[in-house]
Number of protein chains: 2
Amino acid sequence: MAPEKARRRPVQARAQVTYDAILQATAQVLVAEGFDKASTNRIAKVAGVSVGSLYQYFGNKEGVFTALIDQVCDEQIALLQGMAGAMLAAPLPVAARAYVEALLATHERDRAMHEAISQQAAHLGLPGLRRVQAESRRVVRRYLEAHADAILPTNLDLAAFALVGMVQGMVDSAFFCEGAAAWPGLAEEICRVVLRYLLGHDAAPA
Amino acid sequence: MAPEKARRRPVQARAQVTYDAILQATAQVLVAEGFDKASTNRIAKVAGVSVGSLYQYFGNKEGVFTALIDQVCDEQIALLQGMAGAMLAAPLPVAARAYVEALLATHERDRAMHEAISQQAAHLGLPGLRRVQAESRRVVRRYLEAHADAILPTNLDLAAFALVGMVQGMVDSAFFCEGAAAWPGLAEEICRVVLRYLLGHDAAPA
DNA sequence: ACATAATGTGAGCCACCACTCACGTTCAAG
DNA sequence: CTTGAACGTGAGTGGTGGCTCACATTATGT
């Protein structure tokens, strides 16, 4: 039950290779065959190692999945922060657009991955997903601060919270409802929601 | 794998009692002990019946969960439609407020339930959750039609989609991020988002 | 070269779990 | 009351999967 610590940390190069292979195999099996087929024996076989090796680096089955989820969350956060740096000085319509597109893109990229993980989200993934949301709010809040004189909301914490939630909600809905993600006006509409909330009107075209 | 049909439908009263007890026990075990502890034997024991009885009404384990999810979704949809009838003629700020409060309330009521179910959402719950979202969009769309001359969006399908997604997203975020659900200005802020999207400005106070 | 630690192996143990079946019990109809 | 159908039972079966452990192999320091 409790997330046990890893038995051993990889120190030699070949150990790191094994470790990475296990995580990659976990992702692959999860996406291709579903959670209930993802036994430790199957993961080890796909990774090309023995079960014993798996249990050298992960205390139990749960540990494998939490490690994988952590890795995915770290990537997502890194992408977020990278974008934030490039967008801090950008005007609102541009930044909004970039944020929306980025979220749509990551969803597109590893849709199956997210689905498989969220299958166990309440149990294992929740802390990780919380981290991503918290970091998203932090990034958005910093942007709002820099543009505080141009927007309506004065409670920036609440505004960041609302923004991250609403965009995530619409993007999720789009992928949830098959086919909707490809709707032509979707990204525009999400941006419209954001801009009307922040400005009270649509952005004037340049 | 495939959702097998129930072996037998309860016809006598005591059979219905057994059937209901099984579903209720499933919900209870799911919430109190988590999905992986919810074995058919455990469910039967908590329900106070024998495993054999369980398999008289459900073809397999999956069938128990899908039946439970269907039941929860039906309740949610019924609540939605009931509210829609009462709100069709209401002015926008009132209707928006009612919708938001209703969502917040249902989340509050069976938060653990939703969490446990969404744990298996990708596998079992997806069709049910899709039904709820689709019905939500239909209800919202009907309302928008009735008030089409008072709102900015012209593509009502897209608007309904965006509205349901954004509200759901913000509500989910609130419960996701512990404590946030109790934030004082939360419901107001969600309404503000909705109204600025639909009207382009905040509602004038009565 | 040698010792020692790090890494890798996989057959097998054990516990658990989905599901069955042969048998009892309760109901409803004639 | 009788009869048969609906309902209920729970020990048992087959299979699976998490995890171990005794042993083999490879790297590292001296």
Side-chain angles (χ1 to χ4, degrees), chain A residues 1-26 28-30 32-68 116 119-120 123-124, chain B residues 1-26 29-30 32-68 119-120 123-124:
Chain A
M1 275 302 182
E4 318 232 336
K5 66 176 180 183
R7 294 278 165 80
R8 186 184 290 182
R9 303 194 66 98
V11 304
Q12 297 179 8
R14 61 193 174 125
Q16 188 63 48
V17 169
T18 301
Y19 185 94
D20 293 342
I22 290 168
L23 284 192
Q24 190 184 335
T26 305
Q28 180 184 329
V29 172
L30 221 46
E33 309 176 37
F35 181 80
D36 32 357
K37 293 290 176 194
S39 67
T40 51
N41 288 287
R42 179 99 190 94
I43 290 172
K45 173 157 280 180
V46 170
V49 303
S50 84
V51 226
S53 292
L54 188 151
Y55 281 96
Q56 298 242 337
Y57 302 104
F58 304 95
N60 51 25
K61 187 186 180 183
E62 185 173 319
V64 182
F65 288 104
T66 44
L68 175 63
Q119 201 177 119
Q120 287 293 315
H123 189 39
L124 305 174
Chain B
M1 278 301 182
E4 318 231 335
K5 66 175 178 183
R7 294 278 165 78
R8 185 185 290 182
R9 303 192 65 97
V11 304
Q12 298 178 8
R14 61 193 175 124
Q16 188 64 47
V17 168
T18 301
Y19 185 93
D20 292 341
I22 291 169
L23 284 193
Q24 190 184 335
T26 305
V29 172
L30 221 46
E33 309 177 36
F35 182 80
D36 30 358
K37 293 290 176 192
S39 65
T40 52
N41 289 286
R42 180 99 189 93
I43 290 171
K45 174 157 278 180
V46 170
V49 302
S50 83
V51 227
S53 292
L54 189 151
Y55 280 97
Q56 298 236 336
Y57 303 104
F58 305 95
N60 52 25
K61 187 186 181 182
E62 184 173 320
V64 182
F65 289 103
T66 45
L68 175 63
Q119 197 177 124
Q120 285 295 313
H123 190 38
L124 305 174

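A note on names: the letters A, B, ... follow the listed sequences, proteins ahead of strands, and every chain is numbered from 1.
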Distance in angstrom units between B/Ile43 CD1 and C/dC19 P, rounded: 11 Å
Base versus backbone protein contacts along nucleotides 11-18 of chain D [heavy-atom cut-off under 4.0 Å; B, S, -]: ------SB
Distance, rounded to the nearest Å, where B/Gln56 contributes CD and C/dC27 contributes P: 16 Å
All salt bridge (charged side-chain N to carboxylate O under 4.0 Å, His left out) counterparts of A/Arg42, not counting sequence neighbours: A/Glu33
Every protein N/O within reach of nucleotides 1-3 of chain D N/O, cut-off under 3.5 Å:
none

Atom pair distance, as rounded to whole Å: NZ in B/Lys45 and P in C/dC16: 12 Å
Results of ring pair (Phe, Tyr, Trp, His ring centres under 6.0 Å) for B/Tyr19 - residues two or more places apart only: B/Phe58
Whole-Å distance separating the CZ atom of B/Arg8 from the C1' atom of D/dG8: 9 Å
Rounded (10°) bend between the five-pair end axes of the helix from C/dA1-D/dT30 to C/dG30-D/dC1: 20°
Side-chain N or O of A/Ser53 closer than 4.0 Å to phosphate OP1/OP2 of C/dT7: no
Stretch residues 12-23 of chain B: residues that reach within less than 4.0 Å of DNA chain D through a heavy atom: B/Gln12, B/Arg14, B/Ala15, B/Thr18
Protein-nucleotide distance (B/Phe58, atom CZ; D/dG8, atom P), rounded to Å: 12 Å
Residue pair A/Gln16 / A/Asp20, side-chain donor-acceptor N/O under 3.5 Å: yes
